[in-house]
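All remarks here apply to the structure that follows.
If you're wondering where the values come from, they're calculated on a predicted model, not measured in any experiment.
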Amino acid sequence: MNADRESDHDMTHGDIAVLLATAADEVRIGPAPCQALVRGGRRRRARRWALAATAALVVAGSTGTLAVAGVTGDDAKRVAPAATRPPASDERHLYAPWSSDLARGTEHGKKWKVVISVWGAPRDRTEAQRQLDAMTDSGFEEPGVQPPTASGLVGKSAYFVRLTLDGRTTTRMRGSFEKGDDAFQQSAAMPLETRRTATSGSDQRLVIGQAPTTAQEVTCTWDDATTTTAYRPSPGTGIVGDFEDLIRPADGSPSDWFVCLGPEGRTFRTVAVTK
């Protein structure tokens with residue numbers, strides 16, 4: 001019985017060996033897929049490079065160096081780079097002006113201020129006509145240009161200097177800038193009141209005018225030979241509350257502006273850049 005069991009054990013191993021050999025003969029090992037692996041690696045590298053390039057474009061676009069192209073359906077709309085696009089009308093202040101305070105004060109308990117409003121230069125008659133309409137809608141008078149029509153505004157920035165006293169506003173100066181304007185060109189003396197015409201007894205002690213951007217002092221002389229000097233505040237000086245007798249820049253204006261306020265009862269005589 002032991003002999004039979006040993007014989008059976010040997011036969012079983014033999015059978016397994018035969019089966020394994022047969023299975024091994026049926027296996028066919030082909031050549032390694034080297035070319036496919038190489039091609040796959042190239043494709044993966046190309047995809048990585050494409051992703052890196054796309055990321056770089058997104059970063060560049062976020063800094064404003066590239067414009068985003070919008071796509072509608074199958075058609076792509078090409079948009080010019082932002083640097084070459086003309087500024088929007090609101091940035092050019094065609095239909096809503098820049099406004100800057102030139103002076104503020106208190107007169108016999110009543111608040112007053114002088115504000116300059118500058119409208120950007122229209123490029124053609126269509127923009128100019130729309131600007132005229134916007135001026136009218138905003139309560140501004142006819143601009144001080146020649147001719148006083150839309151054609152007179154083309155290529156010019158119009159300005160209005162207005163005085164507000166105790167809540168009432170009137171325009172006291174108006175005109176236009178042309179390219180290269182930066183000089184002591186215009187000034188006006190007026191009473192510190194908002195009536196359109198001054199009476200014969202009104203003092204002319206509020207003087208407003210243009211000053212070169214290089215001017216450091218403007219001196220106003222009154223009828224009694226006294227003077228008031230408008231000066232340029234130190235850089236970084238914050239202006240809070242009432243202020244007068246200063247030379248200040250105005251948004252949209254190529255020249256700076258000054259305001260002199262004389263003593264009560266005085267009348268303006270002369271003005272000059274003294275420094």
Side-chain angles (χ1 to χ4, degrees), residues 91-93 96-107 110-121 135 138 140-141 143-144 156-194 203-222 226-264 266 268-275:
E91 295 172 350
R92 292 166 53 207
H93 288 265
W98 288 281
S99 290
S100 304
D101 288 1
L102 298 180
R104 294 193 298 264
T106 304
E107 180 80 0
K110 297 179 180 180
K111 292 290 185 181
W112 64 270
K113 66 178 178 178
V114 176
V115 178
I116 181 172
S117 298
V118 180
W119 300 72
M135 287 177 180
S138 301
F140 286 83
E141 299 175 356
K156 300 175 184 177
S157 296
Y159 68 83
F160 296 79
V161 178
R162 303 203 291 180
L163 171 66
T164 298
L165 174 63
D166 197 27
R168 180 174 176 174
T169 300
T170 56
T171 298
R172 309 317 301 262
M173 293 179 68
R174 55 184 174 169
S176 64
F177 303 115
E178 297 189 41
K179 188 175 181 181
D181 279 355
D182 176 20
F184 187 23
Q185 295 183 344
Q186 244 192 104
S187 63
M190 63 201 72
L192 188 56
E193 59 185 45
T194 53
D203 54 33
Q204 304 278 320
R205 64 191 183 99
L206 180 62
V207 182
I208 305 166
Q210 295 173 252
T213 56
T214 55
Q216 298 301 308
E217 288 182 0
V218 173
T219 300
C220 298
T221 302
W222 312 106
T226 60
T227 60
T228 298
T229 299
Y231 64 93
R232 193 179 295 278
S234 301
T237 302
I239 299 176
V240 180
D242 293 352
F243 65 92
E244 58 204 37
D245 304 336
L246 292 182
I247 303 171
R248 304 197 67 198
D251 291 337
S253 171
S255 62
D256 289 347
W257 290 77
F258 73 91
V259 174
C260 290
L261 181 63
E264 192 168 1
R266 298 276 59 87
F268 166 76
R269 180 179 291 172
T270 62
V271 61
V273 175
T274 51
K275 187 175 179 181

In Å, rounded to the nearest 0.5 Å, how long is the span from [atom1] of [X] to [atom2] of [Y]?
{"X": "Thr169", "Y": "Lys113", "atom1": "OG1", "atom2": "NZ", "result": "7.5 Å"}
{"X": "Ser100", "Y": "Ile116", "atom1": "OG", "atom2": "CD1", "result": "7.0 Å"}
{"X": "Leu206", "Y": "Cys220", "atom1": "CG", "atom2": "SG", "result": "9.5 Å"}
{"X": "Leu192", "Y": "Leu163", "atom1": "CG", "atom2": "CG", "result": "6.0 Å"}
{"X": "Glu193", "Y": "Lys110", "atom1": "CD", "atom2": "NZ", "result": "10.5 Å"}

Residues two or more places apart in sequence or in another chain: which of them pass salt bridge (Lys or Arg N to Asp or Glu O under 4.0 Å) with [X]?
{"X": "Arg104", "answer": "Asp101"}
{"X": "Glu217", "answer": "none"}
{"X": "Lys111", "answer": "Asp242"}

Checking Ser117 side chain against Phe160 main chain: does a donor-acceptor pair fall under 3.5 Å?
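Checked: no pair found.
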Does Met173 offer a backbone N or O that forms a donor-acceptor pair with the side chain of Thr171 under 3.5 Å?
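No; zero donor-acceptor contacts below 3.5 Å.
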Full working for side-chain contact (heavy atoms from CB on, under 4.5 Å) between Asp245 and Leu261:
CA-CA 6 Å; Asp245 304 336; Leu261 181 63; 4.1 Å; yes
CA sep, side-chain torsions, deciding dist, call: Tyr159, Ser255, side-chain contact (heavy atoms from CB on, under 4.5 Å):
CA-CA 12 Å; Tyr159 68 83; Ser255 62; over 6 Å; no
Applying salt bridge (charged side-chain N to carboxylate O under 4.0 Å, His left out), run through Glu244 and Arg205 and close with a yes or a no.
CA-CA 12 Å; Glu244 58 204 37; Arg205 64 191 183 99; over 6 Å; no
Lys/Arg cation over aromatic Phe140: Arg162, 6.0 Å, 45° cone:
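Ring-cation test returns yes.
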With side chains defined as the heavy atoms from C-beta onward, is the minimum distance between [X] and [Y] less than 4.5 Å?
{"X": "Arg92", "Y": "Ser157", "result": "no"}
{"X": "Ser187", "Y": "Phe258", "result": "yes"}
{"X": "Thr219", "Y": "Thr228", "result": "no"}
{"X": "Cys260", "Y": "Trp222", "result": "yes"}
{"X": "Val218", "Y": "Val207", "result": "no"}
{"X": "Glu264", "Y": "Glu107", "result": "yes"}
{"X": "Arg174", "Y": "Pro143", "result": "no"}
{"X": "Pro97", "Y": "Val118", "result": "no"}

With sequence neighbours left out, write down each residue that passes side-chain hydrogen bond (donor to acceptor under 3.5 Å, both in side chains) with Trp112, or none if nothing qualifies.
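So Trp112 forms no side-chain hydrogen bond (donor to acceptor under 3.5 Å, both in side chains) with any residue.
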For Gln216, give me all partners under side-chain hydrogen bond (donor to acceptor under 3.5 Å, both in side chains), at least two apart in sequence or on another chain.
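By the side-chain hydrogen bond (donor to acceptor under 3.5 Å, both in side chains) rule, Gln216 matches no residue at all.
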Please find out if less than 6.0 Å separates the ring center of Trp119 from that of Phe177.
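Not under 6.0 Å, so no.
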Arg232: which of Thr213, Asp256, Thr214 passes side chain to side chain donor-acceptor pair (under 3.5 Å)
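Between Arg232 and the candidates, side chain to side chain donor-acceptor pair (under 3.5 Å) is satisfied uniquely by Asp256.
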Among all residues two or more places apart in sequence or in another chain, which pass the side-chain contact (heavy atoms from CB on, under 4.5 Å) test with Tyr231?
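Partners of Tyr231 by the side-chain contact (heavy atoms from CB on, under 4.5 Å) criterion, ordered by chain and then number, come out as Leu246.
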Applying side-chain contact (heavy atoms from CB on, under 4.5 Å), run through Trp257 and Ile247 and close with a yes or a no.
CA-CA 6 Å; Trp257 290 77; Ile247 303 171; over 6 Å; no
Please tell me whether Thr227 and Thr221 have a donor and an acceptor in their side chains that are separated by less than 3.5 angstrom.
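No, Thr221 and Thr227 have no side-chain donor paired with an acceptor closer than 3.5 Å.
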